[in-house]
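Structure record follows, encoded as structure tokens.
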Amino acid sequence: DFGGVASKMPVFTSFFFIVTLSSIGLPLTNGFVGEFLILNGTYISGFPWGRAFASVATLGVLLGAVYMLWMVKKVFWGPENMDEDSGTQHLHSDLSVREIAVMVPIVLLIFWMGLHPRSFIAISEQPIANLLHTVKAPDPRVKVQPMPKPEPAQNSELAADEATPVHQTIAGEEVRK
């Protein structure tokens, strides 16, 4: 019943579009951080079904993004429904100052969580580690091991990334980057 909402409510359209982009997992938003952590955690989990579930879930994320962008295009920038009973004909004003005041902190949090996820993730690390230990979850397939501090380089021309290599263990084999 809707169409052409952007021409009647441009401020509402802007907020709705930002929240939609967050919901589909656009980088720099909270949705991206959440989807990445869930899909990556499922993929590298030690469970035998982890990779298959992560692959199917990724397909679901992609299909969901396509549907939501299609819906936003149709509702906000599609042809306006001129029928008197349509939802578009009942829209008479854009967001009020009070409604904008409610939405601004939400949008700021969307971007804060996307740009600085560590400030939220750090709080839950220890409880999650305890939970995984309690339920005896298998070890993940990929383990990043902390590196000992490198000894001072004899040659001052040594590149910074050569002085601090990263070790990873993938499926029991050590990989040096």
**Q.** Co-membership, hydrophobic cluster, residues V33 and I44, 4.5 Å side-chain
**A.** no
Q) Can you name the side chain to side chain contact (heavy atoms under 4.5 Å, CB included) partners of A54, sequence neighbours left out? A) T42, Y43
Q | same_hphob_cluster(V66, L62) at 4.5 Å side-chain heavy-atom cutoff | A | no
Q: Could you grab the distance from atom CD1 of I38 to atom OG1 of T58, nearest 0.5 Å is fine?
A: 11.0 Å
Q.
According to ring-ring contact (aromatic ring centres under 6.0 Å, His included), who are the partners of F16, at least two apart in sequence or on a separate chain?
A. F12, F76
**Q.** Listed once per pair and sorted, the side chain to side chain donor-acceptor pair (under 3.5 Å) pairs that draw on residues 63-77, sequence neighbours left out
**A.** none
(Q) Are there over 12 heavy-atom neighbours, none belonging to F17, within less than 6.0 Å of that residue's CZ? (A) no
Q | Members sharing F47's hydrophobic cluster (side chains within less than 4.5 Å) | A | W49, F53
Q) Do the side chains of V11 and V107 join up, straight or via other hydrophobic residues, at under 4.5 Å, putting them in one cluster? A) yes
Q.
Clusters formed by hydrophobic residues whose side-chain heavy atoms approach within less than 4.5 Å: which one holds V135, and what are its other members?
A. L131
**Q.** Hydrophobic cluster of L132, others only, ordered by chain and residue number, side-chain cut-off 4.5 Å
**A.** I128
Q: Would you please name every residue forming a salt bridge (Lys or Arg N to Asp or Glu O under 4.0 Å) with R118, sequence neighbours left out?
A: E125
Q.
If hydrophobic residues (ILVMFWY) are linked whenever their side-chain heavy atoms come closer than 4.5 Å, directly or via other members, who joins L39 in its cluster?
A. V61
Q. Given the rule that I, L, V, M, F, W and Y join up when any side-chain heavy atoms are under 4.5 Å apart, are F2 and V19 in one cluster?
A. yes
**Q.** Same cluster (ILVMFWY, side-chain, under 4.5 Å), L115 and L37
**A.** no
Q.
So, taking the atom named CG in L28 and the one named CG in L21, what distance separates them when rounded to the nearest 0.5 Å?
A. 11.0 Å
Q: Measure across S45 and G50 and return the closest heavy-atom pair with its distance rounded to 0.1 Å.
A: OG-CA, 3.8 Å
Q: List in chain and number order the residues that pass side chain to side chain contact (heavy atoms under 4.5 Å, CB included) with V104, two or more places apart in sequence or in another chain; answer none if no residue qualifies.
A: F15, I100, L108
Q: Of all the heavy-atom pairs spanning I24 and E35, show the shortest one and how long it is.
A: O-OE1, 3.5 Å
Q. Does anything in residues 3-23 pair up under side chain to side chain donor-acceptor pair (under 3.5 Å), and if so which pairs, sequence neighbours excluded?
A. S22-N30
Q | Residue pair S119 / I123: nearest heavy atoms and the distance that separates them | A | O-CD1, 3.7 Å
Q. With sequence neighbours excluded, what pairs up with T134 under the side chain to side chain contact (heavy atoms under 4.5 Å, CB included) test?
A. none
Q. Do side-chain atoms of E99 reach the backbone of S96 as a donor and acceptor pair under 3.5 angstrom?
A. yes
Q. What distance do I110 atom CD1 and L26 atom CG have between them, rounded to the nearest 0.5 Å?
A. 11.0 Å
**Q.** Non-neighbouring partners of S124 that pass side chain to side chain donor-acceptor pair (under 3.5 Å), sequence neighbours left out
**A.** none
Q | V102 vs L95 side-chain heavy atoms within contact, under 4.5 Å | A | no
